[in-house]
Q: 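Have a look at this one.
Worth knowing before you read on, the calculation uses all heavy atoms, side chains too, and leaves out hydrogens, waters and symmetry mates. Keep in mind that this is a model prediction, so the values were computed, not measured. Order of appearance sets the numbers: ligands from 1, and atoms from 1 within every ligand.
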Amino acid sequence: MVIPGEQPFQARTGEPGLVPELACRILIVDDDAALRHSLPHVLARAGRQFRECDTVAGAIAMLESEHFDLVLLDYRLPDATGLVVLDWLAEHQREEAVIMISGEDALDAAIGALRRGADDYVRKPYHVAQLQRAVESALHKAALERANRAMSQRLRTSERLHRYLVESSPDLIFTLDAEGRFSYINPRVKPLLGYERNTLMRRPFTTLVMPEDVDRIAALLYSPGDAPPGESFNVELRLRRNRDELIDGTPECITVSLTGIPMPGREDGRKIVGLYGVARDISERKRAEEIISFQAYHDQLTRLPNRVLFKDRLELAIAQAQRRTGALAVMFIDVDRFKLVNDTFGHAEGDVLLRGIASRLGATLRRGDTLARLGGDEFTVLLPDITSPEDAEVIARKILDTLTSPFPLNHGDYRATVSIGISLFPRDGDTAEDLTRHADIAMYQVKRSGKNAFRFFDTELNSHYRERIVLENDLRSALQRGEFELYYQPQVSLAQRRVVGMEALLRWKHPGLGLVSPATFIPVAEEMGLIGDISHWVLEQACSQLARWRAAGHDELRMSLNLSPHDFDSQDVVAMVTDCVNRYSLPPSLLELEITESMMMQDAAGVAAKVRQLREAGLSVAIDDFGTGYSALAYLQKFPVSTLKIDRSFVRDLEGPSTNPIISAITGIARGFGLQLIAEGVERTEQAETLRTLGCDIMQGFLYARPAPASQATLWLYEPPTAALH
Ligand code: C2E
Ligand code: CA
Ligand code: CA
């Protein structure tokens with residue numbers, strides 16, 4: 001029977017709300033039916049529910065199937081005493097509160113009941129108030145116990161959770177006491193470092209630290225106990241593995257990132273009583289970083305230091321040498337004719353050879369010397385500690401020696417040689433750049449004079465080098481500064497006894513160096529990418545000069561000018577030339593563009609097309625230095641040129657009136673293809689005579705005139721250079 005409470009719930013005295021007993025179930029076990037029925041009324045409260053029964057067996061049955069908070073248990077029941085219920089509850093570890101109600105006078109009945117787990121004992125007959133108090137008190141106590149149990153359950157759960165988090169953490173987690181000894185360490189220490197946890201307890205943390213790191217870490221750990229709580233810190237350090245557990249190949253330590261948080265004392269927050277630490281294994285990351293930095297500083301093929309690392313070491317060595325006023329040497333080593341190996345045997349063989357050379361070079365050096373590969377077939381050596389140039393010489397000789405025995409390549413034995421340039425600190429420079437560059441210059445000197453040798457840098461080489469730098473710098477601004485001028489060299493027709501053409505030849509009037517030869521600065525301008533602008537300027541000048549001469553009545557005069565291969569590479573040379581010719585209203589055939597045979601060979605298709613377009617636009621095209629290249633005939637079919645210029649070298653070789661087979665072949669070709677012929681570099685009258693008898697009429701050379709400024713050239717138009725008049 002369920003009796004709903006009639007009174008609204010009231011918070012109990014004491015701590016309201018702390019122990020709510022809202023839903024509360026009470027079992028009344030009594031064989032006195034009147035009592036059973038009256039009690040629910042007497043004890044009614046909001047949320048209380050009552051159940052009744054009249055035997056021990058009935059009580060146990062109900063307890064088995066339902067939950068109660070309180071049992072009001074009669075001592076004497078028809079089938080047994082209430083003690084049996086108490087025993088049953090104890091045996092089943094039940095938490096129901098029990099108030100034993102009994103008419104028994106005997107004290108030991110009460111004691112027996114309380115001993116067996118009853119919470120209270122009320123003797124019949126009782127005052128209602130007495131029973132009510134007992135019920136309230138038992139329920140309160142039960143509620144408190146319940147709350148307690150729940151609390152400790154929660155605590156247990158949360159502790160389990162935290163323990164779980166700490167113990168299964170992939171990081172090493174530990175606490176240290178004020179003396180820096182382990183007071184806790186999680187099981188991770190075993191797989192990570194191979195120690196049993198208990199062997200580490202009370203041992204100083206520093207026993208785990210690699211000796212090199214101990215000082216650094218000790219300073220952080222053992223800050224004086226009563227200093228204000230230190231800041232948390234993070235350091236990278238190496239922890240040593242348990243030696244007994246080391247298997248072959250495992251490194252003896254791991255690198256960890258350690259975060260340490262000082263633990264302040266409970267009473268005195270300013271006092272540090274220990275340290276909480278988390279150490280994360282970052283060995284993998286470290287290794288990856290090391291590999292990456294190794295790759296950044298080493299050459300993949302030979303695993304030698306690369307350019308960056310070499311420069312680093314050299315700079316360091318210079319600084320040290322400066323401090324102790326010592327000397328050092330830098331070697332620049334270049335493998336002779338390496339390209340040949342690559343081209344004939346393939347890159348794989350080339351790589352094998354480079355590795356072989358690298359290893360032999362390395363073997364000749366001492367500890368502390370650095371061998372680096374700059375790339376390609378270039379190596380450098382740093383000898384950081386020499387007492388005289390002879391020391392470097394000894395090493396250089398050793399290097400040349402070590403290469404005398406051949407390298408076995410797939411294609412057979414190969415004997416490699418190298419050219420070595422050496423620069424010395426402080427004599428040849430005091431920066432890494434200077435020393436390397438000077439060694440490089442010395443190496444080039446060796447290459448030029450026959451390879452397979454070594455040579456020290458000397459200042460004469462340096463001045464040559466400096467000249468080149470000056471040249472480069474000044475060339476950039478030469479156009480703007482108006483330092484260029486065109487000279488003209490006449491082309492004389494012996495038959496007509498007059499100047500039929502002028503070749504425009506560029507001159508650079510350098511403010512410091514004087515007149516610089518185009519043979520010197522044109523290749524530099526080509527390398528620097530300045531040639532396009534220069535060609536453009538030359539074209540403009542030559543066209544405007546020709547226009548002026550034409551205006552003065554020399555309307556059959558032809559103007560020749562030289563183009564660079566780069567003009568054909570990068571510019572729309574056809575548009576540039578036709579535009580200029582149109583602007584000066586020149587008959588296009590009077591402008592002759594000189595190109596070299598080598599240009600025709602380099603990019604036959606591209607150049608051929610442009611030559612054809614130029615010819616279609618009516619321009620003349622001459623092959624300069626004709627006869628010095630190969631298979632000139634084959635090219636002539638592809639390149640519809642108008643003029644051949646017999647190279648100076650053939651003219652020079654002309655001895656007296658003897659027939660020269662090459663020149664007669666060239667004159668034959670010119671006749672066959674209907675081309676105009678000009679002989680270059682004519683210096684002596686005999687040469688001119690021979691050329692004339694061979695069928696060449698137009699001459700250019702010092703015999704007639706050296707190239708000269710326009711004002712001088714103009715005079716030749718009126719009065720031909722004297723030699724032409726013979
Ligand atoms: P190149 O086109 O073969 O020019 C002829 C060179 O031979 C000129 O030297 C000229 O002064 C020289 N020469 C003329 N007659 C004689 C002689 O009888 N004997 C000797 N030994 N030499 C003679 P230059 O002016 O120093 O020019 C050298 C080269 O520079 C030219 O060779 C040409 O390839 C290049 N060059 C000159 N001006 C220009 C230019 O405006 N543009 C380009 N791209 N190259 C130019
Ligand atoms: Ca020329
Ligand atoms: Ca020439």
Q: Would you please indicate if the ring centroids of Tyr718 and His554 are separated by under 6.0 Å?
A: yes
Q: With the Ca ion (ligand 2) as the point of reference, which N/O/S atom of Glu594 is the closest?
A: OE1
Q: Under 4.0 Å from a heavy atom of Pro518: give me the atoms of ligand 1 that qualify, with their elements.
A: 24 (P), 25 (O), 26 (O), 27 (O), 28 (C), 30 (O), 36 (N), 37 (C)
Q: Nearest heavy atom to atom 44 (N) of ligand 1 wins, so pick from Val538, Val682, Asn562, Leu505.
A: Asn562
Q: Between Arg652 and Glu683, is there a side-chain N and carboxylate O pair less than 4.0 Å apart?
A: no
Q: Under the criterion side chain to side chain contact (heavy atoms under 4.5 Å, CB included), which of Glu393, His438, Gln445 is the partner of Phe456?
A: Glu393
Q: Salt-bridge test for Glu680 and Lys645: reply yes if a basic N is under 4.0 Å from a carboxylate O, no otherwise.
A: yes
Q: Just heavy atoms, cut-off under 4.0 Å: does Asp624 contact ligand 1 by side chain, backbone, both, or neither?
A: side chain
Q: For the Ca ion (ligand 2), what is the closest N, O or S atom on Glu503?
A: OE2
Q: Compute the shortest N/O to N/O distance between Gln700 and ligand 1 and return yes if it is under 3.5 Å, no if not.
A: no
Q: Assess whether a salt bridge exists between Glu689 and Arg684, defined as any Lys/Arg side-chain N lying under 4.0 Å from an Asp/Glu carboxylate O.
A: no
Q: Before signing off on this row, confirm whether Gly701 and ligand 1 have an N or O atom pair separated by under 3.5 Å.
A: no
Q: Just go through Glu680, Arg507, Arg648 and tell me whose heavy atom is the nearest to atom 6 (C) of ligand 1.
A: Arg648
Q: Spell out, as yes or no, whether a donor-acceptor pair under 3.5 Å connects the side chain of Asp567 to the backbone of Ser564.
A: yes
Q: Classify the contact between Arg706 and ligand 1 as side chain, backbone, both or neither, using a heavy-atom distance cut-off of under 4.0 Å.
A: neither
Q: Has Glu683 got any heavy atom lying under 4.0 angstrom from an atom of ligand 1?
A: yes
Q: Tell me whether ligand 1 is touched by Lys645 - counting only heavy atoms on the residue side and a distance under 4.0 Å.
A: no
Q: What is the minimum heavy-atom distance between Trp716 and Val499, and which atoms define it?
A: O-CG2, 3.6 Å
Q: With atoms numbered from 1 as shown, which atoms in ligand 1 lie under 4.0 angstrom from a non-hydrogen atom of Pro707?
A: 11 (O)
Q: When you measure from atom 18 (O) of ligand 1 to each heavy atom in Phe484, Tyr704, Phe702, which option holds the nearest one?
A: Phe702
Q: Using 4.0 Å as the upper bound for N to carboxylate O, is an ion pair formed by Lys447 and Asp336?
A: yes
Q: Checking Lys610 side chain against Phe568 main chain: does a donor-acceptor pair fall under 3.5 Å?
A: yes
Q: Verify the distance test for Asn562 against the Ca ion (ligand 2): any N/O/S atom under 3.0 Å, yes or no.
A: yes
Q: For Phe310, is the NZ or CZ atom of Arg313 found under 6.0 angstrom from the centre of its six-membered ring and inside 45 degrees of the ring axis?
A: no
Q: May I ask you to check whether Asp624 brings an N, O or S atom to under 3.0 Å from the Ca ion (ligand 2)?
A: yes
Q: Go through ligand 1 atom by atom and flag the ones less than 4.0 Å from a non-hydrogen atom of Glu503.
A: 2 (O), 4 (O)
Q: Which of the atoms in ligand 1, numbered in the order shown and given with their element, are less than 4.0 Å from a heavy-atom of Gln489?
A: 14 (C), 15 (N)
Q: Search all heavy atoms of Glu349 against all heavy atoms of Asn410 and return the closest pair with its distance.
A: OE2-N, 2.8 Å
Q: Please list, in number order, the atoms of ligand 1 under 4.0 Å from a heavy atom of Asp625.
A: 3 (O)
